[in-house]
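Just the heavy atoms: all of them, side chains too, but no hydrogens, waters or symmetry mates, feed the values below.
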Amino acid sequence: MKIASFNINGIKARLQQLTAWLPEAQPDVVVLQEIKSQDEGFPSEAIEDLGWRVWTHGQKSWNGVAVLSRLPVEEIRRGLPGDDADEQARWIEADVMGDRCMVTVAGLYLPNGNPAPGPKYDYKLAWMERLRERAAALLATEAPVAMLGDYNVIPEPRDASRPEKWTDDALFLPESRAAFRRIVNQGWTDAIRIRAPQATRGPFTFWDYQRQSWERDNGIRIDHILLSPQAADRMRDAGIDRDQRAGEKPSDHVPVWVDLAA
């Protein structure tokens, strides 16, 4: 079961990129972030014509997440538990049936948090505490779980080309990194990092559109795949589709993926 995450940065602007990438990369399940579309406006037909089923959790103009699957899906759950007043569309879960077992795939778009300090950063940290609680509940099921998406956190200095430029940014502040570590330290495996454990720089998953960031490889790693122990035991490979950033009118993020024996 190949599971991928892609911050598409606007599904309508990037639909051609997505529909070209899907048959090329051949994932079985994809979680999307920043679809920037309400459910009824999502261009499902173009994706369904390629053999996918589509579930969305959208909102007008901002945020929004989705699940695409070529495999049977038993249940879809929308919205991160813990705050009934939260209307931002940032979390979706799917129980996906593989050939060998069911895998819970949780797709997330964690708040950016800038400017920090301020109410947006307070929301980010509160959302991460809710995420920590949901992550603990998912671990307690003792099922294979992949929790992946745009975490908007740079975990370590080596996850940024120029870490000194991010010192005061919500993505790299000590509180953000500590909140991320509290989640990982529950027992999750960072699938992308363990493919390059000794790397002193990168790999990266995001390059800004400005200041020739892509051309200069001035990137950061903020798209992460966390695996429960039961999923980590089934991991065969993981990677980053870096070449997707080089196309015409690309997203500023690239897909990340993991292949599980499931």
Cation-pi check for Phe204 against Arg221: NZ or CZ below 6.0 Å from the six-membered ring centre and within 45 degrees of the axis, yes or no? no
Distance-only side-chain donor-acceptor flag, Gln33 / Ser5, under 3.5 Å: yes
So, does Arg70 use its side chain to make a donor-acceptor pair with the main chain of Pro27 at under 3.5 Å? yes
Is Met102 isolated, or which residues cluster with it under the ILVMFWY side-chain rule of less than 4.5 Å, directly or via members? Met97
With a 6.0 Å cut-off (strictly less than), is the heavy-atom count around CD of Glu164, excluding the residue itself, greater than 12? yes
Main-chain N/O of Ala199 paired with Arg158 side-chain donor or acceptor, under 3.5 Å: yes
Return each pair, listed once, that meets ring-ring contact (aromatic ring centres under 6.0 Å, His included) where at least one residue sits in residues 51-103; pairs must be two or more places apart or across chains. none
Any side-chain heavy atom of Asn152 sitting closer than 4.5 Å to one from Lys124? yes
Could you tell me whether Glu175 and Arg177 have a side-chain N and a carboxylate O separated by less than 4.0 Å? no
Is Thr189 reaching over with its side chain to a backbone N or O of Ala191, donor-acceptor style, under 3.5 angstrom? no
Kindly work out whether a path of hydrophobic side-chain contacts (I/L/V/M/F/W/Y, heavy atoms less than 4.5 Å apart) joins Ile225 to Val254. yes
What pair of heavy atoms forms the shortest contact from Ile35 to Ala66, and how long is it? CG2-CB, 4.3 Å
Can you find a heavy atom in the side chain of Val145 that is under 4.5 Å from one in the side chain of Trp188? yes
Do Ser69 side-chain atoms and Val29 backbone N/O form a donor-acceptor pair below 3.5 Å? no
Flag the pair Leu50 / Thr19 as yes when at least one side-chain heavy-atom distance between them is below 4.5 Å, and no otherwise. yes
Contact list for residues 193-208, test side-chain hydrogen bond (donor to acceptor under 3.5 Å, both in side chains), sequence neighbours left out: Asp159-Arg193, Ser161-Arg201, Arg195-Asp237, Arg201-Asp217, Thr205-Asp223, Trp207-Asp217
Non-hydrogen side-chain atoms of Trp21 and Asp243 separated by less than 4.5 Å: no
In the single-linkage hydrophobic clustering (I, L, V, M, F, W, Y; side-chain heavy atoms under 4.5 Å), do Phe42 and Ile8 co-cluster? yes
Can you see which heavy atom on Thr141 is nearest to which on Leu138, and at what distance? OG1-O, 2.6 Å
Short side-chain to backbone donor-acceptor contact, Ser213 and Tyr209, under 3.5 Å: no
CZ-CD distance between Phe180 and Glu156, expressed to the nearest 0.5 angstrom: 9.0 Å
If you count every heavy atom of other residues, nucleotides or ligands that lies below 6.0 Å from Asp99 atom CG, does the total exceed 12? no
Using a 3.5 Å distance criterion without hydrogens, assess whether the side chain of Arg234 forms a donor-acceptor pair with backbone atoms of Ala261. yes
Counting only N and O atoms by type, is there a donor-acceptor contact under 3.5 Å from the side chain of Glu93 to the main-chain atoms of Arg77? no
Contacts of type side-chain contact (heavy atoms from CB on, under 4.5 Å), residue Asp169, not counting sequence neighbours: Asn114, Trp166, Leu171
Would you mind reporting whether Pro229 and Leu139 have side-chain heavy atoms less than 4.5 Å apart? yes
Any side-chain heavy atom of Ile222 sitting closer than 4.5 Å to one from His253? yes
Asn218 and Arg162: side-chain contact (heavy atoms from CB on, under 4.5 Å), yes or no, with the steps? CA-CA 7 Å; Asn218 182 15; Arg162 302 176 68 187; 3.9 Å; yes
Answer yes or no: is there a side-chain heavy-atom contact under 4.5 Å between Leu131 and Tyr151? yes
Test item: Lys120 and Pro111 side chains (from C-beta on) under 4.5 Å apart, heavy atoms: no
Work out which heavy atom in Cys101 is nearest to a heavy atom in Pro144; give both atom names and the distance. SG-CG, 4.1 Å
Taking atom CD as the centre, does Glu48 end up with more than 12 heavy-atom neighbours from other residues, nucleotides or ligands that are less than 6.0 angstrom away? yes
Hey, is CD on Glu215 packed in by over 12 heavy atoms from elsewhere, all under 6.0 Å? yes
Using atom types as modelled, flag every donor-acceptor pair under 3.5 Å from a side chain in residues 78-86 to any protein atom, sequence neighbours excluded.
unit_1 : atom_1 : unit_2 : atom_2 : d
Arg78  : NE     : Thr56  : O      : 2.7
Arg78  : NH2    : Thr56  : O      : 3.4
Asp83  : OD1    : Ala85  : N      : 3.0
Asp86  : OD1    : Gln88  : N      : 3.1
Asp86  : OD1    : Tyr123 : OH     : 3.0
Asp86  : OD2    : Tyr123 : OH     : 3.0
Asp86  : OD2    : Arg130 : NH1    : 2.9
Asp86  : OD2    : Arg130 : NH2    : 3.4

Over all atoms of both residues, closest heavy-atom pair of Ile192 and Ile240: CG2-CD1, 3.8 Å
Indicate if Leu110 and Leu32 have the same hydrophobic cluster label, given that clusters are the connected sets of ILVMFWY residues with side-chain heavy-atom separations under 4.5 angstrom. no
For Asn9 and Lys36, test the side chains for any donor-to-acceptor distance below 3.5 angstrom and give the result as yes or no. yes
Minimum heavy-atom distance Phe172-Pro163, with the two atoms named: CE2-O, 3.8 Å
If you round to the nearest 0.5 Å, how far is CG of Asp259 from CE of Met235? 9.5 Å
With sequence neighbours left out, write down each residue that passes side-chain contact (heavy atoms from CB on, under 4.5 Å) with Pro250, or none if nothing qualifies. Gln17, Arg245
Co-membership, hydrophobic cluster, residues Val31 and Val65, 4.5 Å side-chain: yes
Give a yes or no on whether a salt bridge exists between Lys2 and Asp28, defined as a side-chain N under 4.0 angstrom from a carboxylate O. no
Do Arg181 and Gln186 meet the criterion of a side-chain donor-acceptor pair at a distance under 3.5 Å? no
Is it true that, when you exclude Glu87 itself, more than 12 heavy atoms of the residues, nucleotides or ligands shown sit nearer than 6.0 Å to its CD? no
